[in-house]
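Structure, as structure tokens:
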Amino acid sequence: MNPQEPVIKTEKLTKRFGDFIAVNEITFEVYKGEIFGFLGANGAGKTTAMRMLCGLSTPSAGHATIAGFDIYRQTEQIKRNIGYMSQKFSLYEDLTVLENIRFFGGIYGLGDRQLKSKSQELIERLGLQAEAKKLVGELPLGWKQKLAFSVSVLHEPSIVFLDEPTGGVDPVTRRQFWALIYEAASNGITVFVTTHYMDEAEYCNRISIMVDGSIEALGTPKQLKSQMNETSMDGVFYQLARGAKRGE
Amino acid sequence: MKQFITFVKKEFYHVLRDRRTLLILFGMPVAQILIFGFALTNEVKNAKIVVVDHAKDEASRHITERIAASQYFDIQEGLMDRDRMEAAFKEGQIKLAIVFPRNFRNDLLHQNHAQIQVVADASDPNNATTLTNYVSSIIQDYQMGLNENATLPYQIVPQIRMLYNPQLKGAPNFVPGVMALVLMLVSVMMTAISIVKEKETGTMEILLVSPFKPVWVILSKAVPYLFLSLINVLSILLMSVFVLQLPVMGSWLLLFAESTLFIITCLTLGIFISIKTQSQQVAMLISLMGMLLPTMMFSGFMFPIENMPVPLQIISNIVPAKWFYIIVKSIMIKGVGFEGIWKETLILCGITLFFFVVSLRSFKIRLE
């Protein structure tokens, strides 16, 4: 990890919807190859912040660069350099595994030869040789999630955004999923992940915790625990989130 | 461009893998043509009628023979008086009665004026109108025959010609109507549903995050449906020519060009709906209530627009299917060329452009 090389850099990034301030002046940096956990209770503004970073939503104020590109002016370049996996399962169920890989690779502009070798490699890595020609809808959820993640990094983005990627998945599959995340990070892909699971927060290099639209804590899990005098991330999160005024 | 082809290919996978969609796509035009062509016809055949002949002269016999010879009527034998006629009507045994007065021929030849009473069971008004029309055209036919031989042709006979549809066949009316309906259904509803489906499943977000431009996402959704709709046009036309024996009088090329225009109108409508709605059910409901119903009501295909109250007539002008219906009817049945339908074409273009601009403006490139 090279702390000199921020791939995400925000400065007082803000999003307002009328009078409501969904994201309030958040400032942070994420470095290359880092696994950055983005935590917060429901309604804290995580998803809104993430959408701004992905170029899906225009900020109301503040600055940010993603992979060196400006969030206002260079959304096209940003889109080319990021991967995205949403909390909803986001592959086509009525397409086969191979067709899904080819389609998503295709819209990112991968060439035929590249697509062929990459899809081959991906299927072998996930051990899906027997399922390659099966419809994705027939796969168990855990496999779908792993496939969705692999597809989101198929075009070798510098950052991948994961929005609660392991919702509804059993603990064993979650561990396997995190093995994939580590593998991607070790290949130099920065991972920006939101999650509700505190054990997953422990897997991250650094985490930030959002409360009511602002970042209330930022650091390694170890730092945060000692700062707040807690033995677990659960405790840290609970202490911070207790003060929240918004929520469900 | 390569990305575009990848996307269109994916859309075809979606369509071809969904049996229900396929069934609707290709089964519906066939089913509609068959239903409208053979079951829901407003042609009446072998209607049971009686002839009450008080005249029993040459003229009344001639007319009765002509009526008996037509395939529309089936004359019930047996003398009828007024009372029994009424009973037969009530029991539904007969649909129509023709009463010749005494001295029918004499009146006709000497006073140049004779009356025939035609009584129809109007509990089914459409049926009754059709039947009385048949009878009066047969009577007129006879009158004209008389006039040809008359030395003093001072008798004024209203001459009605049934333009384009001398046998009063139902097919010419419903084929263009079915075309408008099917295209509406396929292009509006299917396109709207397929875009909203991506929103619902979350794949739309993935597409919007990708470098593939949102406008292209929408366009590549429309292409497969344009293609499928054209296949539908072809299948409807082939059915109409070979099954219903209704030839296309005008140019096939013009017919396809106009159909393509109408399909594009429908696609922009479908895209418009998909932008405004968030769930497949809502999209389907709006397509059905907002598009299909007006198409049925205001295209002139089921109910004649001229008979509607003025406000409804005005409303009918914004229904694209009305103009398409006129265009198809003109080309298919009257064999009109472009010079006869350029106005309608222009109106369709205008509607398309309007919805295209509105869709484009309301389409948010960035998901807010």
Side-chain angles (χ1 to χ4, degrees), chain A residues 15 17 22 47-48 50-60 66 71-72 75-96 98-112 115 135-137 148 151-152 154-155 157 159-161 163, chain B residues 1-25 190 193-225 228 275 278-280 363-368:
Chain A
K15 179 76 188 184
F17 296 107
T47 306
T48 313
M50 194 147 145
R51 299 188 130 204
M52 286 194 281
L53 299 178
C54 292
L56 285 179
S57 162
T58 319
S60 314
I66 309 293
I71 203 170
Y72 292 100
T75 48
E76 283 312 304
Q77 285 95 322
I78 290 177
K79 284 179 174 180
R80 253 172 240 289
N81 283 287
I82 61 170
Y84 179 73
M85 182 184 162
S86 76
Q87 49 196 348
K88 283 187 197 165
F89 172 69
S90 45
L91 295 177
Y92 294 101
E93 306 236 337
D94 56 345
L95 261 57
T96 67
L98 208 57
E99 283 161 356
N100 265 295
I101 298 173
R102 296 233 168 104
F103 171 70
F104 284 106
I107 61 169
Y108 275 95
L110 294 186
D112 281 337
L115 260 181
L135 297 186
V136 164
V151 165
S152 71
L154 192 68
H155 58 291
I159 309 158
V160 61
F161 291 89
D163 191 3
Chain B
M1 197 57 209
K2 210 182 141 276
Q3 281 145 294
F4 186 66
I5 292 169
T6 308
F7 205 108
V8 171
K9 209 164 97 188
K10 179 213 104 184
E11 285 308 313
F12 273 108
Y13 283 142
H14 285 322
V15 175
L16 297 179
R17 294 222 170 121
D18 188 357
R19 292 243 171 84
R20 265 181 305 174
T21 312
L22 271 186
L23 199 68
I24 294 177
L25 270 176
M190 300 265 179
I193 287 178
S194 91
I195 296 176
V196 173
K197 192 175 170 191
E198 299 237 6
K199 281 198 204 173
E200 242 181 35
T201 55
T203 42
M204 190 53 108
E205 262 183 45
I206 307 288
L207 297 176
L208 291 175
V209 174
S210 83
F212 196 51
K213 288 232 167 58
V215 177
W216 286 102
V217 172
I218 302 291
L219 282 182
S220 43
K221 281 252 162 209
V223 168
Y225 290 100
L228 293 168
I275 288 170
Q278 300 301 328
S279 81
Q280 291 184 66
F363 182 71
K364 290 184 190 115
I365 293 177
R366 288 155 171 257
L367 265 182
E368 294 291 340

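Naming convention: chains lettered A, B, ... in sequence-line order (proteins, then strands); numbering from 1 in each chain.
Residues A:D94 and B:D18 form no side-chain contact, since every pair of their non-hydrogen atoms from C-beta on lies 4.5 Å or further apart. Between A:L135 and B:R17 there is a side-chain heavy-atom pair separated by less than 4.5 Å.
Only the side chain of A:F104 comes within less than 4.5 Å of a heavy atom in chain B; its backbone stays farther off. Contacts of A:I78 with chain B are absent, with no heavy-atom separation under 4.5 Å from either backbone or side chain.
Here the straight-line distance linking atom CD1 of B:I206 with atom SG of A:C54 works out to 9.0 Å at 0.5 Å rounding. The NZ atom of B:K197 lies 10.0 Å from the OH atom of A:Y92; values are rounded to the nearest 0.5 Å. Atoms CG and OG1, on A:L95 and B:T203 in that order, are 10.5 Å from each other to the nearest 0.5 Å. Rounded to the nearest 0.5 Å, atoms CZ (A:F103) and CG (B:L207) are 5.0 Å apart. To the nearest 0.5 angstrom, A:M85 atom CE is 12.5 Å from B:E205 atom CD.
Taking both residues in full, the closest heavy atoms of B:G202 and A:S86 are given as O-OG, 4.4 Å, listed atom of the first, atom of the second, then distance.
When each of A:H155, A:E76, A:Q77, A:R102 is checked for heavy-atom pairs under 4.5 Å with chain B, A:E76 comes out on top. The candidate with the highest count of non-hydrogen atom pairs below 4.5 Å against chain A, out of B:Y13, B:F7, B:F4, is B:Y13. Interface remark: of the candidates B:K9, B:Q3, B:E198, B:Q3 forms the most heavy-atom pairs closer than 4.5 Å to chain A.
The side chain to side chain donor-acceptor pair (under 3.5 Å) contacts involving residues 206-216 of chain B comprise nothing, where partners must be two or more places apart or lie in separate chains.
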